[in-house]
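Heads up, the thing below is written out as structure tokens.
In the text below, chain A, chain B and the rest are named by the order of the sequence lines, each starting its count at 1. Remember, it's a predicted structure, so these values are computed and weren't measured experimentally.
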Amino acid sequence: MLDLKFIRENPSLVKEGIKNKGEMGDVDAILDLDEKRRQIIQKVEALKHERNDLSQQVSILKKEGKSADTVIQRTRDISQSIKDQDEELKNLEISLKNELDRLPNLPHSSVPVGKDATGNVVIRAWGKIPEFDFEISNHLEIGERLDILDFPRGSKISGRGFPVYKGQGAKLERALINLMLDTQSNEHGYKEIFPPFLVNRDSMYGTGQLPKLQEDMYFCELDDLFLIPTAEVPITNLHRDEILAIEKLPLKYCGYTACFRREAGSWGKETRGFLRVHQFNKVELVKIVFPETSYQELETLLKDASRILELLGIPYRVVELCTGDLSFGAAKCYDIEVWSPAEKRWLEASSCSNFEDFQARRMNLRFRRSTTSKPEFPHTLNGSGVATSRLMVALLENYQTDEGSVMVPDVLRRYTGFNLIKRED
RNA sequence: GGAGAGGUGCCGGAGUGGUUGAACGGGCACGCCUGGAGAGCGUGUGUUCUCUUAACGGGGAACCGAGGGUUCGAAUCCCUCCCUCUCCGCCA
């Protein structure tokens, strides 16, 4: 959520930011509602002031044993008027909040202006794109051949987009998660969190998935709970409605969760294998930091996430998203993309974003610089560190051998307990 | 799911209709005292909205789990919901 005062004072900046993001949002309607709201607040508060005074008089008159009937009658009239105007005020505030909820965060001034993914800028690349002197297979063929992935049976038991990992595949998945968690917590200083996978409305609103992205999420109607699309939601919301002491900042959390996405609106696109699934695993990094350092923190977050790919020896590149490709709540975002030899293209494995105070404001997350200073909104950041589905694609494809097996990267061997994935039966 | 208890400020804990934003205690901050520290004493200590001011500041409104209601007036009475704790039942 944007600061209403900021919108009031910088309407043209806000309009420009929304436009560059390709989002909707009626700034003029907001300004109009805000104006009306403040007018009615003034009227209502004057009336309440008068009522408070008169009630006081009633109290005094009664104590003195005098009749208070005329004062009571006047107060009764005022109270009715207050009731009517409070109702009007409430409606105005609901409308105003509805509009505000739909306003996206504004892009940071450093973000390149662009319409869509074609406007993104490649920042750097790491690793050598492998060349093979044999006919390579894609991750689906490898998974089937080695009997480590089973998409057809996933479809049978759940539906399309719910992968099943088997044998060495399951162990490999578990190894990846452990490697990532250990690296982020032991080496990069993120505190490990194992959060719930179902969250309530307030949490979904806090990180900005609601109201706009409701269609993208699995929803348990009976309990009014949502399956998390990312660990960002439960972890960032850990401190919702809190005022953090200064010593707590910066906060760094990492956590593994399964992630659930309906992927509504992307039917027919990338339906094969791991490229687009409804359930996947991810280790997420979350930071809650001082506003003045959040952009440095974004750079280190990006480094911490990409470190995983370096450990695994998987070629990747970093892309800075342009304004038009930024998500609803992000002010700046880097994608990390891994190389798929079979697809011959880059696949998004991580997004590292700075939300500035957009989420903090929504979830009323604040901090205090000293015991006597006013609460301020910290900045929140998060990044996948990283998602295993696309990582699995890159790993299987990059490490395949001419014998049809897959080498396990060195760092993973102590987690998997084997060096090579080959057909077991 | 059944029965009971409870949700008040940073914390503990009063308060059952009228200057109660809230006694009292603790904590914390500032000041005095001290060679220094402690003890002691004194002062202060919420948030949000709004008006006003160049600013410091000042005026006002709201907030005692949430939302409604009764009343001239609600932390206090009534209703609904949420949460926590204890016991019982069920269950991985």
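- No cation-pi contact links A/Lys191 to A/Tyr253, judged by a cut-off of 6.0 Å to the six-membered ring centre and 45° from its axis.
- For an aromatic pair to be called close, the ring centres must be under 6.0 Å apart, and A/His379 with A/Phe358 fails this.
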Applying the Watson-Crick and G-U criteria (both distances under 3.5 angstrom) with [ ] for crossing and | for other-strand pairs, one obtains for RNA chain B ((((((((.[[[..)..(.....]]]((((((.......))))))(((((((....))))))).[[[[[..)....]]]]])))))))....
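- When only modelled atom types and interatomic distance are considered, A/Asp77 and A/Gln73 share a side-chain donor-acceptor pair under 3.5 Å.
- Heavy atoms of A/Arg361 sit nowhere under 4.0 angstrom from any nucleic acid atom.
- Within the 4.0 angstrom heavy-atom criterion, no nucleotide atom of any strand lies near A/Lys43.
- When the P atom is used for both B/rC51 and B/rC56, the distance is 16 Å, rounded to whole Å.
- Between B/rC10 and B/rG68, the two C1' atoms lie 31 Å apart (nearest whole Å).
- One P atom belongs to B/rA61, the other to B/rU19, and the distance between them is 14 Å to the nearest Å.
- When RNA chain B is scanned 5' to 3' for any atom under 4.0 Å from a heavy atom of chain A, the first and last hits are B/rG18 to B/rG73.
- Rounded to the nearest Å, the gap between the C1' atom of B/rU70 and that of B/rC77 is 8 Å.
- A gap of 9 Å separates the P atoms of B/rG7 and B/rA14, to the nearest Å.
- Toward the 5′ end of RNA chain B lies the nearest nucleotide of A/Arg366, the other residue of the pair A/Ser79 and A/Arg366 mapping further downstream.
- Shortest non-hydrogen contact noted between A/Asp150 and A/Lys166 is OD2-NZ, 2.9 Å.
- Taking atom P in both B/rG73 and B/rA54, one finds a spacing of 38 Å when rounded to whole Å.
- If you check residues 44-62 of chain A against RNA chain B, the residues with a heavy atom closer than 4.0 Å are A/Glu45, A/Lys48, A/His49, A/Arg51, A/Asn52, A/Ser55, A/Gln56, A/Val58, A/Ser59, A/Lys62, listed by number.
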Atom pairs and distances, donor-acceptor, side-chain atoms in residues 221-237 of chain A, under 3.5 Å, two or more places apart:
from, atom 1, to, atom 2, distance (Å)
A/Asp224, OD1, A/Arg201, NE, 3.0
A/Asp224, OD1, A/Arg201, NH2, 2.9
A/Asp224, OD2, A/Arg201, NE, 3.1
A/Thr230, OG1, A/Glu232, N, 2.9
A/Thr230, OG1, A/Lys282, NZ, 2.8
A/Glu232, OE1, A/Asn382, ND2, 3.4
A/Glu232, OE2, A/Gln359, NE2, 2.9
A/Glu232, OE2, A/Asn382, ND2, 3.2
A/Thr236, OG1, A/Glu232, O, 2.6
A/Asn237, OD1, A/Arg240, NE, 2.8
A/Asn237, ND2, A/Ser203, O, 2.9
A/Asn237, ND2, A/Val233, O, 2.8

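- Comment: A/Glu284 does not engage A/Lys252 in a salt bridge, judged by the lack of any side-chain N to carboxylate O separation of less than 4.0 angstrom.
- There is a side-chain donor-acceptor pair under 3.5 Å between A/Asn281 and A/Glu173.
- Between A/Arg102 and A/Glu99, none of the side-chain N atoms (NZ, or NE/NH1/NH2) sits under 4.0 Å from a carboxylate O, so this pair counts as no salt bridge.
- Salt bridge annotation for A/Asp86-A/Lys90: absent, with no cationic side-chain nitrogen under 4.0 angstrom from a carboxylate oxygen.
- Distance check on atom P: B/rU43 versus B/rG17 gives 32 Å, rounded to whole Å.
- Spacing between B/rG21 and B/rG59 at atom P, rounded to whole Å, works out to 15 Å.
- Under the 4.0 Å criterion applied to side-chain N and carboxylate O atoms, A/Arg390 and A/Glu348 are not assigned as salt-bridge partners.
- In terms of position along RNA chain B, the nucleotide closest to A/Lys5 lies nearer the 5' end than the nucleotide closest to the other residue of the pair A/Lys5 and A/Arg76.
- Evaluation of the salt bridge (Lys or Arg N to Asp or Glu O under 4.0 Å) test over residues 358-368 of chain A, restricted to residues two or more places apart or in two chains, returns A/Asp3-A/Arg361, A/Asp357-A/Arg361.
- Applying the side chain to side chain donor-acceptor pair (under 3.5 Å) test to residues at least two apart or on different chains, none of the pairs has a partner in residues 51-60 of chain A.
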